[in-house]
Peer 1: 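Provided herewith is a single structure, encoded as structure tokens, for subsequent inquiry.
Heavy-atom basis, side chains included; hydrogens, waters and symmetry copies ignored.
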Protein chains: 2
Amino acid sequence: MHALLFALSDPTRLAIARALADGAEHSAGDLAGDIPKSTMSHHLKILREAGLTTTRPEGMRCRVSLRRAELNRRFPGLLAAILKNAEE
Amino acid sequence: MHALLFALSDPTRLAIARALADGAEHSAGDLAGDIPKSTMSHHLKILREAGLTTTRPEGMRCRVSLRRAELNRRFPGLLAAILKNAEE
DNA sequence: TGCTGTGTTCTAGAAACATAGAACATAACC
DNA sequence: GGTTATGTTCTATGTTTCTAGAACACAGCA
């Protein structure tokens with residue numbers, strides 16, 4: 001659980017998680033605003049290794065999505081509580 | 001919320017929070033196992049500044065306790081979800 | 001084949017963090 | 001006052017993390 005809390009303790013990564021909270025797949029480029037690609041790739045790697053997201057290559061781009069169901073099975077209510085409190 | 005998640009993303013500090021989860025006041029010395037005093041003081045400071053704990057001096061020692069009610073008001077369900085998933 | 005768009009990996013510098021010894025402050029007690 | 005117990009602050013050292021440029025890999029397309 002440390003990795004999960006650490007991953008979401010960064011403002012940039014929490015923003016990414018919130019953007020993914022709609023359940024849809026987003027490309028890395030869409031998620032990055034003016035953040036450089038390499039920085040974005042770094043944050044996505046941390047989120048992925050914490051088990052928060054999955055990255056699926058599709059042609060030229062990456063489809064990133066939240067692993068909501070798996071996380072809820074492993075840490076019931078945790079992701080929901082964090083995302084809910086991150087709203088404002 | 002970043003400070004809170006970051007504070008609890010450290011194993012040592014999460015262990016402290018779990019020890020405090022019984023609602024009782026603990027002294028810093030009791031919470032520290034073989035952790036040096038200065039290290040313990042550092043971790044307690046981070047927890048305190050994240051709003052997770054209060055430290056009340058009482059004679060020679062410190063009485064540390066979780067700010068459960070305040071946290072639950074500010075971040076409903078969050079601390080409970082973290083502590084529950086930290087059990088095991 | 002050459003060009004463009006999308007990400008990853010490599011690399012490096014700056015900033016933040018963890019750890020812990022040493023000195024200090026304070027309280028209790030003789 | 002002197003001693004002991006409990007924490008904090010200071011200082012130093014090593015590690016991790018964040019950021020971002022540069023080079024690279026690969027898919028798509030003319």
Peer 1: Between atom CD1 in A/I16 and atom P in C/dG7, what is the gap in whole Å?
Peer 2: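 Atom-to-atom, A/I16 to C/dG7, this comes out as 12 Å.
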
Peer 1: Partners of B/R73 by side-chain hydrogen bond (donor to acceptor under 3.5 Å, both in side chains), sequence neighbours excluded?
Peer 2: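 So B/R73 forms no side-chain hydrogen bond (donor to acceptor under 3.5 Å, both in side chains) with any residue.
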
Peer 1: Could you give the CG-to-P distance, from B/D10 to C/dA16, as a whole number of Å?
Peer 2: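 After rounding, the gap between these two atoms is 18 Å.
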
Peer 1: Among D/dT19, D/dT6, C/dA18, which nucleotide sits nearest the side chain of A/H42?
Peer 2: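 That would be D/dT19.
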
Peer 1: Closest to the A/S38 side chain: C/dT6, D/dG7, D/dA20?
Peer 2: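 So the side chain of A/S38 is nearest to D/dA20.
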
Peer 1: What does A/I35 touch in the nucleic acid at a heavy-atom separation under 4.0 angstrom: a base, only the sugar-phosphate, or nothing?
Peer 2: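 No contact.
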
Peer 1: May I ask you to test the A/L71-A/L78 pair for a side-chain heavy-atom distance under 4.5 Å?
Peer 2: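 They are not in contact (no side-chain heavy atoms under 4.5 Å apart), so the answer is no.
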
Peer 1: State which of C/dA18, C/dT8, D/dT8 makes the closest approach to the side chain of B/H43.
Peer 2: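 Nucleotide nearest to B/H43's side chain: C/dA18.
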
Peer 1: Classify B/I46 by what it touches in the nucleic acid, base, sugar-phosphate, or nothing, heavy-atom distance under 4.0 Å.
Peer 2: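 B/I46: backbone/sugar contact only, no base atoms under 4.0 Å.
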
Peer 1: A side-chain contact here means heavy atoms from C-beta on lying under 4.5 Å apart; do B/L5 and A/I82 qualify?
Peer 2: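 They are in contact (side-chain heavy atoms under 4.5 Å apart), so the answer is yes.
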
Peer 1: Round to the nearest Å and state the distance from A/R56 atom CZ to C/dT6 atom P.
Peer 2: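 From A/R56 CZ to C/dT6 P: 17 Å.
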
Peer 1: Tell me: NZ of A/K45 to P of D/dC18, nearest whole Å?
Peer 2: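 Computing the A/K45:NZ to D/dC18:P distance gives 12 Å.
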
Peer 1: From the options D/dC18, C/dG7, C/dG5, select the nucleotide whose nearest atom is closest to the side chain of A/C62.
Peer 2: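 Out of D/dC18, C/dG7, C/dG5, the nucleotide with an atom closest to A/C62's side chain is C/dG7.
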
Peer 1: Any N or O donor-acceptor pair linking the side chain of A/S41 to the base of C/dG7 at under 3.5 Å?
Peer 2: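 Such a pair does not exist between side chain and base.
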
Peer 1: Using heavy-atom distances to pick each residue's nearest nucleotide on DNA chain D, tell me which of A/E58 and A/D34 is more 5'.
Peer 2: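 Its nearest nucleotide lies further toward 5', so the answer is A/D34.
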
Peer 1: Judged by each residue's nearest nucleotide on DNA chain C, which is more toward the 5′ side, A/S27 or B/G59?
Peer 2: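 Result of the comparison: A/S27.
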
Peer 1: Using the side-chain hydrogen bond (donor to acceptor under 3.5 Å, both in side chains) definition, which of the options A/R63, A/R56, A/R61 pairs with A/E25?
Peer 2: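 Only one of A/R63, A/R56, A/R61 forms a side-chain hydrogen bond (donor to acceptor under 3.5 Å, both in side chains) with A/E25, namely A/R56.
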
Peer 1: What's the closest nucleotide to the B/P36 side chain, out of C/dA20, C/dT6, D/dG7?
Peer 2: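 Of the candidates, C/dA20 comes closest.
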
Peer 1: Kindly indicate whether the side chain of A/K45, heavy atoms from C-beta on, has any atom under 4.5 Å from the side chain of A/H43.
Peer 2: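 No, every pair of side-chain atoms sits at 4.5 Å or beyond.
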
Peer 1: What is the distance, rounded to the nearest whole Å, between atom CD of A/E25 and atom P of C/dG7?
Peer 2: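 After rounding, the gap between these two atoms is 12 Å.
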
Peer 1: If I take atom CE in residue B/M60 and atom P in nucleotide D/dT6, what distance separates them, rounded to the nearest angstrom?
Peer 2: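 That distance rounds to 5 Å.
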
Peer 1: Between atom NZ in A/K37 and atom P in D/dA22, what is the gap in whole Å?
Peer 2: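 Rounded to the whole Å, the gap is 12 Å.
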
Peer 1: Take atom CE of A/M40 and atom P of D/dC18, then tell me their distance rounded to the nearest Å.
Peer 2: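 The distance from CE of A/M40 to P of D/dC18 comes to 14 Å, rounded to the nearest Å.
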
Peer 1: Which listed nucleotide (C/dG7, D/dC18, D/dT19) is nearest to the side chain of A/R13?
Peer 2: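 The closest nucleotide is D/dC18.
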
